[in-house]
Amino acid sequence: MHMSFFRFFCVLFMFVWGWESFISARTGRALIVAVGEYPEDGGWENIHGDNDGVLMTELLRRHHYSQIILLKNEKATKEAINRSLQQLCDDTDAGDYLFLHFSCHGQQMMDLNGDEEDGLDEALIPYDAWCWYLPGVYEGEKHLCDDELGNWIDKLRHKAGRTGQVFVLLDACHSGTANRYTPGLFIRGVNMIFAPDGYCPKPGTHLERSLKLKPLDNLAPALVLTACKPEETNYEYYSRKSRCHYGKLTYSFVQVATRNSQAFTAGDWCKVIEKTMRQLPSSALARLQHPYMECSDEKERFVLSVIH
C-alpha cells in the first residue's frame with residue numbers, strides 16, 4: 001500500500017515537473033515601439049502611438065510574456081530600437097515566441113540597394129528621424145526601412161527555430177496627408193517621399209511592403225500584420241470608453257486577442273481583425289482602411305499566448 005502510494009507520488013511529480021519544464025522551455029519576448037510625441041524640429045505631426053504601447057504591454061503580460069521591452073516617445077530612437085532588437089536576439093532560445101509591435105509614423109524613402117521595383121523602400125519612423133532629406137545633414141540614417149526590419153526578423157526566426165514563432169504588428173503607413181488642420185483626425189503617415197530633390201520613383205505593379213518571408217525548415221514561422229494596404233491611409237480610432245486615441249490595428253488586435261485564445265492562420269488573423277475594424281464607429285474615410293498581411297507560410301497557425 002505504501003509502495004503504491006510512493007509510486008503514484010513519483011509519477012505525479014514527474015508529470016508536474018515535465019509539464020512545468022515544457023512551459024518554461026518557451027518564453028514570450030516582445031519589443032514595443034510606441035511613438036506619439038515627436039520633436040518639433042523633426043517635421044512630424046504628433047499622434048497617439050504611445051497609447052498603443054500601454055494597451056499592448058497589458059495584453060502581452062496577460063498572455064504570459066516575461067520579457068517586454070517598451071520604448072516610448074523619446075526612448076524610441078533608432079539606436080535604442082536596434083539595441084533592443086539585438087538584446088532580443090541574444091536572449092532568444094529555440095521555441096520562444098517573439099512579438100514586435102510598432103506604433104508610429106511611416107514614410108516611403110528612396111531605395112538604397114536597388115531591390116524594390118518602384119525604387120522606394122517603406123520605413124518606420126523612430127523618435128529621432130527627420131521628415132526631410134537634407135544632403136550632408138540628414139540622409140535617412142534614423143529611418144528604419146523595411147530591408148532593416150526584414151533582416152531583424154530573419155535573425156529572430158533563426159534564433160527561435162522551427163518550434164518558435166515571430167509575430168509582428170505595424171500600426172503605421174506611408175500614405176496620408178498632414179492632419180494639422182483637421183481637429184480630431186490623426187493619420188500615421190505622410191505622402192512626402194524621403195529623397196533628394198528631383199528623385200523620380202519608377203513605375204511598378206508590385207508596390208506592397210515586401211519583407212521576403214520564406215518558409216524554411218530551420219526558421220520560425222513569421223507573420224506581419226500592417227494597419228492598411230500600401231495605397232491606403234492609416235487613421236487613428238477614438239475610444240469613447242477610455243477617451244483616448246489608438247491605432248485602429250492595435251485597438252482591433254487587442255479586442256480580438258482578448259476575446260480569443262485560439263490559434264489562427266495568417267489569413268484568418270487578417271480577416272478577423274478586418275471584421276473587428278469594420279465594427280468600430282468611424283468616418284466614411286476611415287472605413288476605407290483594410291489590414292494587410294505577409295507571412296512565411298499561409299497554412300501555419302499563429303497564437304499570441306505563450307501558454308496554450
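In this text the structure is predicted, and so the values were computed from the model without any measurement.
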Here the side chain to side chain donor-acceptor pair (under 3.5 Å) pairs for residues 51-63, sequence neighbours left out, are Asp52-Ser103, Asp52-Arg188, Asp52-Thr250, Arg62-Thr258
Note to self: Tell me if the centroids of the rings in Phe253 and Phe99 come within less than 6.0 Å of each other.
What the structure shows: yes
Pairing of Arg162 and Glu300 as salt bridge, 4.0 angstrom limit
yes
Item to complete: Output yes when a side-chain donor or acceptor of Glu236 lies under 3.5 Å from a complementary backbone atom of His48, and no otherwise.
Response: yes
query = Would the Phe302 and Tyr97 ring centres measure less than 6.0 Å apart?
reply = no
| message | Between Lys248 and Tyr237 (side chain of the first, backbone of the second, donor and acceptor by atom type, cut-off under 3.5 Å), is there such a pair? | response | no
Does a sphere of radius 6.0 Å around CD in Glu79 hold more than 12 heavy atoms from other residues, nucleotides or ligands, not counting ones at 6.0 Å or beyond?
-> no
Without swapping roles, check the side chain of Tyr38 against the backbone of Ile125 for a donor-acceptor pair under 3.5 Å.
yes
message = What I want to check is whether the side chains of Asp41 and Trp130 have a donor and an acceptor closer together than 3.5 Å.
response = no
Check: Side chains of Asn82 and Gln86: donor-acceptor distance under 3.5 Å anywhere?
Finding: no
**Asked** Judged by atom type as modelled, is there a donor-acceptor pair below 3.5 Å linking the side chain of Trp269 to the main-chain atoms of Val224?
**Response** no
- Message: Strictly distance-based, threshold 3.5 Å: is any side-chain N or O of Asp96 a donor or acceptor partner for the main-chain N or O of Arg26?
- Response: no
Gln107 side chain to Glu122 backbone, donor-acceptor under 3.5 Å: no
TODO: Count the heavy atoms of every other residue, nucleotide or ligand shown that sit under 6.0 Å from CZ of Arg240, and state whether that count exceeds 12.
DONE: no
*Does CD in Glu40 sit with more than 12 non-hydrogen atoms of other residues, nucleotides or ligands closer than 6.0 Å?*
no
task: May I ask you to check if Arg301 and Phe264 form a cation-pi contact, with NZ or CZ under 6.0 angstrom from the six-membered ring centre and within 45° of the axis?
output: no
Rounded to the nearest 0.5 angstrom, the CG-CD1 distance for Leu71 and Ile32 is 9.5 Å
Item to check | Side chain Gln165, main chain Thr163, donor-acceptor under 3.5 Å | outcome: no
Q.
Are more than 12 heavy atoms, taken from residues, nucleotides or ligands other than Glu298, located less than 6.0 Å from that residue's CD atom?
A. no
**Request:** Indicate the ring-plane relationship of Phe186 and His245, choosing parallel, tilted or perpendicular according to the 30° and 60° boundaries.
**Result:** perpendicular
Closer than 3.5 angstrom, by distance alone: can the side chain of His143 be matched with the main-chain N or O of Ala123 as a donor-acceptor pair?
no
Worksheet item: Are Val166 and Leu223 close enough, and set up right, to give a side chain to side chain contact (heavy atoms under 4.5 Å, CB included), and what steps lead you there?
Response: CA-CA 6 Å; Val166 178; Leu223 167 61; over 6 Å; no
If we ignore angles and hydrogens, is there a donor and acceptor under 3.5 Å between the side chains of Gln289 and Asn234? yes
- Query: Do the side chain of Asp297 and the main chain of Lys299 share a donor and acceptor less than 3.5 angstrom apart?
  - Reply: yes
Side chain to side chain donor-acceptor pair (under 3.5 Å) pairs touching residues 68-78, sequence neighbours excluded, are Asp50-Asn73, Lys78-Glu148
Backbone N or O of Cys228 within a donor-acceptor pair of the Thr226 side chain at under 3.5 Å?
no
side-chain contact (heavy atoms from CB on, under 4.5 Å) filter on Asn218, not counting sequence neighbours, yields His158, Leu216
Q | is_close_aromatic(Phe194, Tyr199), centroid dist under 6.0 Å | A | no
